Number of protein chains: 2
Amino acid sequence: MATDSPDEKWNTAETEIMQATYRALLAHGYADLSISRIADELDKSKAALYYHYDSKDDLLVAFLGFAVDRFETTISTETGADPNDDLEHVIEKLLPLRPDEEQRQLQEVMVGLRSQAMTNEAFREQFTRLDEQIVITTEEIIQRGIDDGVFRDVDPTRIAEHIQATINGTMYARATTNRENAAAATRVSLSSYIDSELRRNA
Amino acid sequence: MATDSPDEKWNTAETEIMQATYRALLAHGYADLSISRIADELDKSKAALYYHYDSKDDLLVAFLGFAVDRFETTISTETGADPNDDLEHVIEKLLPLRPDEEQRQLQEVMVGLRSQAMTNEAFREQFTRLDEQIVITTEEIIQRGIDDGVFRDVDPTRIAEHIQATINGTMYARATTNRENAAAATRVSLSSYIDSELRRNA
DNA sequence: GTCTATAAGATGATAGAC
DNA sequence: GTCTATCATCTTATAGAC
């Protein structure tokens, strides 16, 4: 995957392909994603896609990188002063209380891609890395809270993993069931879990 | 879908088709599941499948019912005397600490099917129902524990939803990442969550 | 109930012109 | 870089024999 400028991960043509893939994915879902459909969204021929990527799999792996980048950008947060706020911020980014259309779509695409991680090792590694990064971010915030005396002296890893599993489960339920109310309730419940586990005045 | 006997949901022929579908799913994954592959596993022709089911979708919806049945049977538990044990039992059934091959396979198939719930409404309704049933089961155990004075006077729905989200998230992570250790840790952490939230001597 | 044969179309991928 | 045309293969599904 050649780049036009060393600073940019994606050149113009490839970015357009990634965006067309994103649209095709939203319109048809992962199961019905084909080179033809991506080409249609791109308004170019299929052969044009094969000029940029060797195979469908090649394109898809590139797209996964693109999507994970987007997702990570979405959750990256300036480390504020208050660990309480930072934790709430990360959770809100990953699992918005009331997701707007764009957030809903991105999450839907991520869940669709993720289902491929079951059988595709390249996908699996990306999601392993993504989950690990989220846990580490959460861990660091908790550790800082402990150091600052804001949080109780708990095991940051244990709490971070628990938070992450709950977030993933809720995101998953949102994408695959009609239990939106339950999802919102779990989101609130997660805050109260943090309250009772971490805050000193619990 | 006609039945041989009114008590049985599946007759012999259909059960064999469901089992062949299950094997095909394990061997190739949902993305590569075709009528041909199911027929191969069944050791019959494709036309034989179309005698029993009108379309691929028809067969798949039937299979989902079959798989959900299996899964529900797996988690159904005789209501024992101790709510603590019952809760632990349900969690262990849904999220075994160290899953054997059969449990791992069933969970993998469920996650594969579930990814279809994103775009298929019939699938979505089944998983909505399944999740709801699990929450209700958990709720009832918690309520009984409260009534018996074994658990603190918490909101059973809130705790049940939280447990379910955490279980789903961990199951999901197990199927789509290489973070098996994290999954095992979360499973343990879930028990300690229950401890601190529910048990009176917490 | 199950078979073979086949239809009708979509899919991933390539060749060769421009 | 992008196009049209094409290929081999696979897909779901059906017709008709047994």
Side-chain angles (χ1 to χ4, degrees), chain A residues 1-5 8 10-64 112-113 115-116 119-123, chain B residues 1-5 8 10-25 27-64 66 112-113 115-116 119-123:
Chain A
M1 208 191 318
T3 53
D4 286 331
S5 74
E8 295 293 335
W10 314 94
N11 63 31
T12 310
E14 281 158 3
T15 301
E16 268 161 18
I17 293 174
M18 295 297 104
Q19 285 164 347
T21 305
Y22 189 74
R23 287 194 299 275
L25 222 30
L26 285 174
H28 310 287
Y30 194 95
D32 294 321
L33 182 69
S34 69
I35 295 289
S36 286
R37 293 210 221 261
I38 298 171
D40 286 350
E41 290 290 341
L42 187 63
D43 221 53
K44 298 245 166 91
S45 72
K46 292 185 285 174
L49 290 171
Y50 282 102
Y51 173 81
H52 292 280
Y53 298 96
D54 290 341
S55 66
K56 188 190 180 185
D57 198 67
D58 189 31
L59 190 156
L60 257 34
V61 168
F63 178 75
L64 176 60
L113 287 175
S115 72
Q116 288 314 295
T119 49
N120 181 325
E121 186 54 31
F123 276 46
Chain B
M1 210 191 316
T3 52
D4 286 332
S5 74
E8 295 294 335
W10 313 94
N11 63 32
T12 311
E14 281 158 2
T15 301
E16 269 162 17
I17 293 174
M18 295 297 103
Q19 285 164 347
T21 305
Y22 189 73
R23 287 194 299 275
L25 221 30
H28 310 287
Y30 193 94
D32 294 321
L33 182 69
S34 69
I35 295 288
S36 286
R37 293 211 221 262
I38 298 171
D40 286 350
E41 291 290 340
L42 186 62
D43 221 52
K44 298 246 166 90
S45 73
K46 292 183 284 174
L49 289 171
Y50 282 102
Y51 173 80
H52 291 280
Y53 298 96
D54 290 342
S55 66
K56 187 190 180 185
D57 198 68
D58 188 29
L59 190 157
L60 257 34
V61 169
F63 177 75
L64 176 60
F66 176 83
L113 288 174
S115 72
Q116 287 313 295
T119 48
N120 181 325
E121 185 55 31
F123 275 45

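Source: prediction; values computed, not measured. Just the heavy atoms: all of them, side chains too, but no hydrogens, waters or symmetry mates, feed the values below. Chain naming here is simple, since letters A, B, ... match the order of the sequence lines and numbering starts at 1 in each.
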Self-check item: Sequence neighbours excluded, every pair satisfying salt bridge (Lys or Arg N to Asp or Glu O under 4.0 Å) that has a member inside residues 28-39 of chain B
Solution: none

Quiz item: B/Leu59 has an atom CG; how far is it from atom C1' of D/dT11, in whole Å?
Solution: 15 Å

Quiz item: Just how far is it from atom CD of B/Gln19 to atom CD of B/Glu14, taken to the nearest 0.5 Å?
Solution: 12.5 Å

Practice problem: Determine whether B/Leu60 and B/Asn120 make a side-chain contact, defined as any pair of heavy atoms from C-beta on separated by less than 4.5 Å. | Solution: no

Quiz item: So among A/Leu59, A/Thr12, A/Asn11, which one has a side chain to side chain contact (heavy atoms under 4.5 Å, CB included) with A/Ile17?
Solution: A/Leu59

Quiz prompt | For atom CD1 of A/Ile35 and atom P of D/dT4, their distance in whole Å | solution = 17 Å

Practice problem: In whole angstrom, give the distance that lies between atom OH of B/Tyr53 and atom C1' of C/dT2. | Solution: 16 Å

Practice problem: Name the orientation class of the two ring planes belonging to A/Phe123 and A/Tyr30 (parallel below 30°, tilted from 30 to 60°, perpendicular beyond 60°). | Solution: perpendicular

Exercise. In whole angstrom, give the distance that lies between atom NE2 of B/His52 and atom C1' of C/dC3.
Key: 13 Å

Practice problem: Give, for atom CG of B/Asp57 and atom CG of B/Leu64, the distance between the pair rounded to the nearest 0.5 Å. | Solution: 10.5 Å

Quiz item: Distance from B/Leu33 atom CG to B/Leu25 atom CG, nearest 0.5 Å?
Solution: 5.5 Å

Quiz item: Under 30°, 30 to 60°, or over 60°: which ring-plane class applies to B/Phe63 and B/Tyr22, parallel, tilted or perpendicular?
Solution: tilted

Exercise. Using the closest heavy atom to pick a nucleotide of DNA chain C for each, name whichever of A/Ser34 or A/Asp54 lands nearer the 5' end.
Key: A/Ser34

Exercise. Starting at atom CG of B/Leu60, determine the distance to atom C1' of D/dT12, rounded to an integer number of angstrom.
Key: 12 Å

Quiz item: For A/Asp58 and C/dG12, what is the distance between atoms CG and P respectively, to the nearest whole Å?
Solution: 14 Å

Self-check item: Spacing between A/Tyr51 atom OH and C/dA13 atom P, to the nearest angstrom
Solution: 18 Å

Quiz item: Are the side chains of B/Lys44 and B/Leu49 in touch, meaning some heavy atoms are under 4.5 Å apart?
Solution: no

Practice problem: Give, ordered by number, those residues of residues 37-50 of chain B having at least one heavy-atom distance below 4.0 Å to an atom of DNA chain C; if nothing qualifies, reply none. | Solution: B/Lys44, B/Ser45, B/Ala47, B/Ala48

Self-check item: Nearest-nucleotide pick for B/Lys56, side chain only, options being C/dA13, D/dT12, C/dG12
Solution: D/dT12

Quiz item: To the nearest 10 degrees, what angle separates the axes at the start and end of the helix from C/dG1-D/dC18 to C/dC18-D/dG1, five pairs each?
Solution: 0°

Exercise. Mind calculating the distance between CD (B/Glu16) and C1' (C/dG1) to the nearest angstrom?
Key: 13 Å

